[in-house]
Amino acid sequence: MSYQIPKFRHPDLPVNELGYTRADYEGSISTLCAGCGHDSISGAIVRACHELSIEPHKIAKLSGIGCSSKAPTYFLGKSHGFNSVHGRMPSVVTGAAMANRDLLYLGVSGDGDTASIGMGQFAHVARRNLNMVYIVMNNGCYGLTKGQDSATADEGSVSKKGDANIYSAIDLCGTALQMGATFIARSFSGDKAQLVPLIKAAISHRGFALIDVVSPCVTFNNNPGSTKSYEFVRDHAEATGTVDFVPMQKEITTEYEAGFSHEVTMHDGSSVHLYKMEEDLNPFDRTSALIAMEKHRVAGDILTGLIYMDKDSRDLHDVMETSRRPLNTLGAEDLCPGNQMLKNINASLR
Amino acid sequence: MSYQIPKFRHPDLPVNELGYTRADYEGSISTLCAGCGHDSISGAIVRACHELSIEPHKIAKLSGIGCSSKAPTYFLGKSHGFNSVHGRMPSVVTGAAMANRDLLYLGVSGDGDTASIGMGQFAHVARRNLNMVYIVMNNGCYGLTKGQDSATADEGSVSKKGDANIYSAIDLCGTALQMGATFIARSFSGDKAQLVPLIKAAISHRGFALIDVVSPCVTFNNNPGSTKSYEFVRDHAEATGTVDFVPMQKEITTEYEAGFSHEVTMHDGSSVHLYKMEEDLNPFDRTSALIAMEKHRVAGDILTGLIYMDKDSRDLHDVMETSRRPLNTLGAEDLCPGNQMLKNINASLR
Amino acid sequence: MKKLESVNDFVIKFANVNGTGSASANNMFAKALFRMGLPVSPKNIFPSNIQGLPTWYEVRVSEAGYLGRRGGIDIALSVNPQSMAQDISEVEPGGYFIYDNTKPLDLRLVRNDVNIIGIPLTRICNEEYKDPRQRQLFKNVIYVGALAALLDMDFKVLTDLVADQFKGKEKLILPNIHALELGHQYARNNVDCPLGIRVQAADAVGDKILLDGNTALGLGAVYGGATVAAWYPITPSTSVVDAFEKYARRVRIDPGTGRKNYAIVQAEDELSAIGMVIGASWNGARAFTATSGPGVSLMSEFLGLAYFAEIPTVLFDVQRAGPSTGMPTRTQQSDILSTAYASHGDTKQVLLFPSTPKECFDFGAQAFDLAERLQTPIILMTDLDLGMNDNMSPPLEWEDGREYDRGKVMTAEQLEAGVEFGRYTDVDGDAICYRTYPATHPSKGAFFTRGTSRDEKAVYTEKGEEYEENMLRLMRKWDTIKEYVPGPEVVSAAQKTDIAVLYFGTSEESSREALDYLAKEGVHMDAMRVRAFPFNHEVKSFIEEHEQVFVIEQNRDAQLRTLLMAEFELGPDKLKSVLCFDGTPISARNIKKQINLHLDGGEIQPLHRSRVANAGGE
Amino acid sequence: MKKLESVNDFVIKFANVNGTGSASANNMFAKALFRMGLPVSPKNIFPSNIQGLPTWYEVRVSEAGYLGRRGGIDIALSVNPQSMAQDISEVEPGGYFIYDNTKPLDLRLVRNDVNIIGIPLTRICNEEYKDPRQRQLFKNVIYVGALAALLDMDFKVLTDLVADQFKGKEKLILPNIHALELGHQYARNNVDCPLGIRVQAADAVGDKILLDGNTALGLGAVYGGATVAAWYPITPSTSVVDAFEKYARRVRIDPGTGRKNYAIVQAEDELSAIGMVIGASWNGARAFTATSGPGVSLMSEFLGLAYFAEIPTVLFDVQRAGPSTGMPTRTQQSDILSTAYASHGDTKQVLLFPSTPKECFDFGAQAFDLAERLQTPIILMTDLDLGMNDNMSPPLEWEDGREYDRGKVMTAEQLEAGVEFGRYTDVDGDAICYRTYPATHPSKGAFFTRGTSRDEKAVYTEKGEEYEENMLRLMRKWDTIKEYVPGPEVVSAAQKTDIAVLYFGTSEESSREALDYLAKEGVHMDAMRVRAFPFNHEVKSFIEEHEQVFVIEQNRDAQLRTLLMAEFELGPDKLKSVLCFDGTPISARNIKKQINLHLDGGEIQPLHRSRVANAGGE
Ligand SMILES: Cc1ncc(C[n+]2csc(CCOP(=O)(O)OP(=O)(O)O)c2C)c(N)n1
Ligand SMILES: Cc1ncc(C[n+]2csc(CCOP(=O)(O)OP(=O)(O)O)c2C)c(N)n1
Ligand code: SF4
Ligand code: SF4
Ligand SMILES: [Mg+2]
Ligand SMILES: [Mg+2]
C-alpha cells in the first residue's frame, strides 16, 4: 500500500553539496493520519540530512513497531531501513553499529516502543553510549493500537477515550540522563526551527544522542485534557535556549543577538552554537541538566531544546577499542588464524 | 540440598508480641558462600520481621534468579515463597498483590536480576507504586553465573577476573526516583544497625519501597579494585542520617542526641524518626533527594540511609480504587452476574 | 447480459477508506438483514494503519444458515477509487458492481460480464450537505439506503435500527433516516429495483445473536470469575480486555463503596502481563491475559514456569497472520505448534479451540475451571476472524447456581485437622496435587514455588530420581487432562463413508458448507471438530475408522496435522491437508476444490488460494 | 570377597565439595591417564551454587575407546561426608570405595560386597601443612598420588603434568609433586597395590585431544570469521563466549593499532543478545550468540523475525535440564521441539546436532556459512555434557585457503552494472534471494527489512497473494536447506538386520557401546546418527528400510521422534523410544536395557532410569 514517490526533479530545486535535492532524502508517501506529528518529524529529518549533505546510503534507519516506527518508510528512501520488532530497535542498532562503525545510525521509536516494552533496551543502549541518534516520536499513547495511554502519558492527562491517566509519567530525557546518555534534547514536532538544528547536532555528536520529540496523535490524543496535544504543548513548552548548527565547512554568517552564548566544536569539526540560554542551565554539566529538568517537571511545563551534552563523550567503539576498519569489511585473511595455530592448540590439549 | 532448620526452641529465646522467637522467622540453611553479603541481609530481614511482630504467614516473599534470589529460601520458612524467572519478579508480585492486597510483599532481587534483564519490570513496578518492599542485594556482579560485571558495576571497577568495567553504572535509587518510587533507601549488608530500621520503615510504607543494599560477593567481587568490596564500601559509605523505627504500639524511650530530626507517622500508625540528617537533604522532597544523590555520585561516595519518602504516597490499589476486600476472597456470588444479565445482553445483540 | 439471481443467498463486499466512518453504516446494513430474520456473516478486512487506506467489509447472507466465507463476490459496492480496479475484478460473472458515479468509471475497468450500477453518492452529498464531515459520514448512510431499494430490504427495519443506534443522541435520528431515504429514493427512481439478487423477510435466525468473539471472551472472563486481567495492547486481541473492562464496570462495582471487584493492569509488555497472571493465580485469584502471536512468543519462558511449577494460568491467543509481525490485521490459525510446545524443555500446553462466540463465552469461563482443576496453563486459541467480526451465534447462557471448580486447594481447616500436605505429592492418583494459597494457615501449608527441580514437598532438589518422578507425574497428568478438556464433536455423513474431514475453530462453517456441496455431488464425508489439545481417544478412533481424513486448517504448515501425526501413530497417506493461509478466512469453495483435487488424485502438497481457488474465480 | 578385576576399563567417581579446588586435581588424574594413551571421558556433576555443596567427577576409562557413560561405578573416591552414604551405595558389587579414614566410617554405611580402602587424607595434610588453605588444596593432590599407586599409574606422567600445569608459576611445582608423593607413598605402604582394577600404558588415543565442546565452539566461531558476539551469561553456555574472547584476544588484536578485530557485547538479556546478532548480521558481519533453554524461550520472537525477514543468525544452544529453570547444571537434549518450531506463525528453524568437540568446531564455523547461504537462523544444539566436559576428540583441523561462503550478496559492481535487485525475488529457483548490505551503493540496492508482509521488492504489502507467494517460497527454501545441512552418518551392523537405532548429539558414544553389547548377544542393529533438522531423504529411507527403529534421546517427550513422526508419514509401531532425562548423560547399560525390554515385548511407553536402569544396579 505504499507508493514510491515519483521522481521528476524540478530543475530549480535547491541542491546540497552532494548535488542532491531534498526529494532525494524523502521516502514513500506516508500512510499516517493527516496531521500526525510524526510526519513533521520525518520532514525535519529529511531537512537535516539534506542540509548536512549526508550521503543517503551512509545512513541506516531502524525502528520498532508503532505508527512512529513506520515513519522510516516515509523518509530517506535511499537508505537501508529495518523495521524490527516492538521495543527492540536498540539491540538491533547495537549489533548493526558493531558490524560497521562508519554509518550514521538513526533509530526511530515511539513512546510505547521505548518507555514500555522497550524500557530495558533503551536504558542499556543509553548506558553503552552507542553512537546513534535515537528519536522518540512521543505522543503519550499507543497510536497504532488505537490510543491506550503509554508510560509517558502524564498523570491526569485525558485521552480521547475519556479516562484520566492514574500513573506518573516516565520522563525519557531524565531516564536517559540517569543511564549515562551523553546528548539529551527535547523538542516538539510543531517546532521545526528548533528540531532541525537539534537533529543536526545529534548527528554530529559521537555517542548516544536522544531527542524526545513531543508529537501529537491527532486521532487519539489531541483533545482538550491531553497534555500531549498541539495546544497544550504550544502553551507549555519552555525552550532552554536556541541552538544553531554550523557544519564544518561553513563560516558563521548570521549575527546573533546578544545573550549568553556557547560554542562547541563537535567530533566531526562542525560546531554547535547555543545562545539565549536559560539562566540556570549549563547543558555541559550533568548536575545542572538534572536540576533544570526537575525544576520544570515540578513547574509542570515542558523543557525543550538541548538539555545535556557531554563534550568528551567516548562512544562504545572508543571504550571497546574496536578496530577502526568496520568489522564487516574484514575478510577470512584478517579473521581466520589458519591451521598452524590449530595445531598448536591441539598440542596444548594432549 | 537444603535442610530445614531443626526446631528445638531454646526456652529463654526472646519472643515477640505474637510469641514467636526469631527462629520462627528463619529459613533453611543457606547454601551461599561463607561470608556472602546476601546472608547478612537475610538476617536483617529476619530481625526486622521478628521485631515488627508480623505474622510470618502474612508475608509473601518473591524473587527472580541469582544467588540473591535464592536468599528467600533462607529466611521466613513459614511464609509462602516464589522463586520466579530471571528478572521478572516485579510482574509476579504485581499480580500477587492485585489478588490479595492484605499481605506484605517482600521482593528480593540481585543487581543482574534488576538492572539488566529486569530493568523494564523494575522501572514499571516503581512507576505503578505497588505496595511492596523491593530489596536489591547489590554486588555489582552476576554471582551465580560466576562473576561477570553487572550493570551496577562502577566504571573502572575491577572484578576478580581482572578487567576494569568500561560502562557507566546504573544507580538503582536514582532510577527508581525517576520512575516515581515513593520510598528510596540505600544501605550496606555490613551495617545491620542501619539496615534493620530501614527495612522496618519500608515495610510500614504504603507504596513502592526500594532498598538498594550493597552486598559484597566474596567469591567474585571482593578484591582490591572493586567498588563493591567490603573494604571499599566501608571506606566510602556516607549515611544521610540515622533512621529509627518506632512501631505503633511503642513509646519513644531512647533519648536522641541533638541534631536535625524528623518524625513521620506511617500509614499503619508506626513512626519513623530521622535524625542527624545530612544538611542538604530533605528526604521528603524529591528535588532535594535528586540533588543529594547527584552530589554524592559526583563525589564518588555511596550515599546510604533513607533518601526519599513520599509521605502522601497513594499505592496502586488506592489509585485503581480496588475493593478493600482482597479479590481472592470474592466468590461466585460476588463475581458472577447471573443468567438474567446475559438475557439482557443477548437482547441487545439482536 | 447474465444476471445473478437469488433470494436471501449472496455475498456482498463494501470497499471503503478506513477512518471515514463506513464501519457503522456497513454494520447497520448487516444488522438490518439479521433483523429481517436472515443469517448474516460480516467480515471486516482492514489495513494495519489508522486512517486513509483501503478497507473492505464482506457480508455473507444465507438463509440456509451458512456462516463461513463462501468464496466469490456477487455484489461489490465500491466507494474507494484506490481499490476500484481490484474490486470490480473480483465480482463473479453476472454479478453487480455498484459505485459512486459522480466521477465516471475509468473505461479500462469496465467489464462486460458484470452489471454496473452507478449511484452519484458524492453529488447527492454535496447537494445536500455543506459540512465536509457530514458529507463524508452521510455518504455511507446513503449507500445503505440505496441498497435497501436495490435489494428490496424492509425500510422500517433500517429506520428502527437507526433509532436504536442513536438512543440517547436522539437528534441524530432524523438526519440519518433522511440520508437513508436519499439513497433509497435515488435508487428507486434511477435503477431497476430490485436487482436479480434480493432479500425477503425470513425466520432463519431464531434466538441467535450477533456478537464478536472477543466480546464473548471478555464476558466469559466476567462470568468465569476473573478478577485480575493483565495485558498489553495488540491487534486483534485488544478488544477482549476492552470488553472485560466494559462489563466489569457495569457489574463489578461494589454498590456500597463504589470500589472495583476487579483489577485491570495494562502491563509494560507481554512478559510482564503473563507474569502478573501467574502471580495473581498463585495467590488464589482467577486471572487472565489476552494477546496474539508476538505476545505468545514473548510469554514462552513464563509459560514453561507455569507448566513446571503447576500454576493455573489462563491465556487467550487471538491469532493473526504470522510469522513475526506478519499481517497484523489478517486472520490465521498458525500459533498451534508454538503454543502446544511453548517453552524450552519437556513442556506441553493445553489448547482450547472455540468456533463460535457462544463457545468463546463458554470456554472463556471454563478455562478458569480447567486451569485451577488441572493446575497448568490453558491457552484458548481463537483468531481475528472469530474475535473481531460479528458472528451469528446461539445466545449466551449461564446456569444460575453453577459453582466455580477451584480445583484442589487445601484449606486452613484441613491443615489444622492434620491432613498431610505435600505440594507435589500425588495423593489421589490423578497426578494432580493439592496447593495452598499464601497466608492460609499460621504454621502449616507454606511452601516455596520455583521453576527449579524440587521434591514432592516442594523442597529444592538436584536428585535425578526426584526430578524424574516429578516429570513422570506431569506426563501422567497429561492423561488426566484428556478427560477434562472439551471432547470433539462429530457430524456423521448421511451415508456410511470411509473418508472424513477434521477441522477446528473458525474453519467450521466453511467446512460444513463445503461438505454439503460435496454431498450433493455424491461425495459423503464424516466430520469431526476438534475442540482441544491434548486429543483424546475419540479423535484417534475417528481417524483410525476412516481411510482418509482431510485436515482443514488456516495455516501453511498444517500445524494441527503435525500435532496429530506426532501424537498418534498413523499409517502413511492417512491425513491430507486442506489449507488456506493468505490471511483471509478459508472459504467453502476453496475447501471443496482442494478436497476434489485430492480425490481426483491431485497433488498432495498444500494447496493454496491463489493457485487453486483463484483459478475458480474466488 | 569378590574383587572387580580389569585393566584399562573401569568407571571411577570422585565425590567432593564444590569450591574446594578439587576440580583441578580430578582433571590432572584424567589427563594423566589420557597421556598414558588411554581414552578417558570425565564428567563433572556439579550443583547449581558456588560453594559448599556436593559435587562429583565421574571418569570413564576405556582402552576400547568407549567414551559415553557406561553406567555403574567401579571405584568411588569420597572425600565428602555429606554424600558418603549415596556414594558407597552406588558402587558395583566387588568394586572399591576409597575414603578419608581420618574419621572412621559410619558403620551403618559399610557394605560387605564392596572393598573399602581408607586413606587418612586429613591426617596426612594436618601433619604436613599448617595453612588451612594449603591443607584443603593439597588434600586433593594427595588422593591423586594415592590413586597413582592404587591403579599403578605412571608417576612420571603425573609429575610432567604438574610441570606443564604450573608453567610460569614454577615455585608451585615441587610442593605439588611432594603432595602427589605423600599420597603415593601412603598407599604403597599401607594398601595392597595395585587394586584388581588397574591401568597400563597403551596406545589407544592416537592424535586425539581432550577438549570441552564449548571451547571448541568458541574456536569454531573464531575460525568461522565471527566478529560480533552478543550474549547474556547462562550456565552451561557461558564458556562458549569466554572461549571466543580468550582466543580472539590472542589472534584478533591488530598488531599495528592494538585494536580489536572483534566486538563482544554482554547484553542486558537474551532478547537483546539475539537482537544484536540480527542487527550485526543484517549489516554484513558474522555474528553469534550462545545461550541455554530459558534464553532460547526469550529469543523466540526475534527468531521468527529472522526466519521471516531472512536474516542470517547463528545461535548456539547449550542445552540443560528443563523445563523452566529446571536443573541448570544437569544435561538434557530437551529443546528440540521448542527450537524447531520457535516463534509464532508458520516458522521452522534449522538445527545442527554436533556430537564431539571436533564437530562443535566444524559445525560452529560452518554455521556461519549456512546462515549466510540460507539466510535463516541456524541453531546449533549442543548440551551441558558435551559443552562443559572434557571430551576426547579428533584434533581440530582447518583447511588453509578455505573461503567463507558469504551467500548471495549483491555487490556495488553488480548494481552499477544494472543487475536487477529484488530482495525477495527468487531469481535462481532455489528460493534463496539476493540481499545487499547497507551502504553498498549510493542509489541502488537499498531496501527496507521488516517483519511484516512485503512483496518481492521488499515493499510493504497486505495483498494475500503476495504474502502467500513469499510463504510458499520459504517452504521451497526449506527443501533447499535439506541439501546444505550436514547429512546423517550411518554405521551398518555386522550382519544384515531389520532393526536399527537412530540417535543424535551426545547419545552417540553410549549408543555405540550399547550396540556392541547387543551384537555380542546376537542382536545386530544398524545405526544412524542424525546431524541436522530438516531431515533429508536419507533419514527417511533409513527408517523405511527397517522394521523397527529405536530413537535414542535425552529428554522425556521423545522430541526428535516427534519431529520424525511429524515430518514423515510412518506406519504405527515403527519408532520406539529409548530415553533418559534425569539430567545425567544417558549410559550404554541403560540403552541396552531399554532396547532389550522392547525386544522382549516390554512396555512401549517411555522408560526411564529409575524404573528400569536402576533396577539393574546402575
Ligand atoms: C510484541 C508486541 N506486542 C504488541 C504489539 C502491538 N503494538 C503495535 S504498535 C504498539 C504501540 C505503539 O505505540 P508507540 O510506540 O507509542 O507508537 P505510536 O503508534 O504511538 O507512534 C503496540 C502495542 C506488537 N506489535 N508486538
Ligand atoms: C533467562 C535467564 N538468563 C540467564 C540466566 C542465568 N543467570 C542466573 S542468575 C544470573 C545473574 C544473577 O546476577 P544477580 O541478579 O546480580 O544475582 P547474584 O547472583 O549476583 O546475587 C544469570 C545471568 C537465567 N537463569 N535465566
Ligand atoms: S493514530 Fe495517531 S500516531 Fe498513529 S498515525 Fe494517526 S495520528 Fe499519528
Ligand atoms: S558467588 Fe558471590 S553472590 Fe553468590 S553466594 Fe557466593 S559470594 Fe554470594
Ligand atoms: Mg506513541
Ligand atoms: Mg549480583
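The figures that follow rest on heavy atoms only: side chains count, while hydrogens, waters and symmetry mates do not. By convention in this document, chain letters (A, B, ...) are assigned in the order of the sequence lines, proteins followed by strands, and residues within each chain are numbered from 1.
- At a 4.5 Å heavy-atom cutoff, the contact between D:L271 and chain B is made by side-chain atoms alone.
- Of the two parts of B:A34, the backbone and the side chain both hold a non-hydrogen atom closer than 4.5 Å to a non-hydrogen atom of chain D.
- The CG atom of D:N49 sits 7.0 Å away from the SG atom of B:C33 when rounded to the nearest 0.5 Å.
- In this structure, D:I50 CD1 and B:K70 NZ are separated by 7.5 Å, a value rounded to the nearest 0.5 Å.
- Between atom CD of residue D:E268 and atom OG of residue B:S150 there is a gap of 13.0 Å, rounded to the nearest 0.5 Å.
- Only the side chain of D:S324 comes within less than 4.5 Å of a heavy atom of chain B; its backbone N, CA, C and O stay farther away.
- Residue B:S116 holds its OG atom at 7.0 Å from CD of D:Q266, rounded to the nearest 0.5 Å.
- B:Q148 has its side chain within reach of D:T238: a pair of non-hydrogen atoms, C-beta onward, lies under 4.5 Å apart.
- More than 12 heavy-atom neighbours from other residues, nucleotides or ligands sit within 6.0 angstrom of CD on D:Q134.
- Counted within 6.0 Å of NZ on B:K192, heavy atoms from surrounding residues, nucleotides or ligands total more than 12; the atom is thus considered enclosed.
- Proximity of B:I117 to D:L298: side-chain heavy atoms (C-beta onward) are separated by under 4.5 Å at one or more points.
- Contacts of B:D149 with chain D are made by backbone atoms alone, with heavy-atom separations under 4.5 Å and no side-chain atom involved.
- When every heavy atom of B:S84 is checked against every heavy atom of D:T325, the shortest pair comes out as O-OG1, 4.4 Å.
- For B:L144, the parts lying under 4.5 angstrom from a heavy atom of chain D are both the backbone and the side chain.
- Annotation: the span from D:I234 atom CD1 to B:H86 atom NE2 amounts to 8.0 Å, rounded to 0.5 Å.
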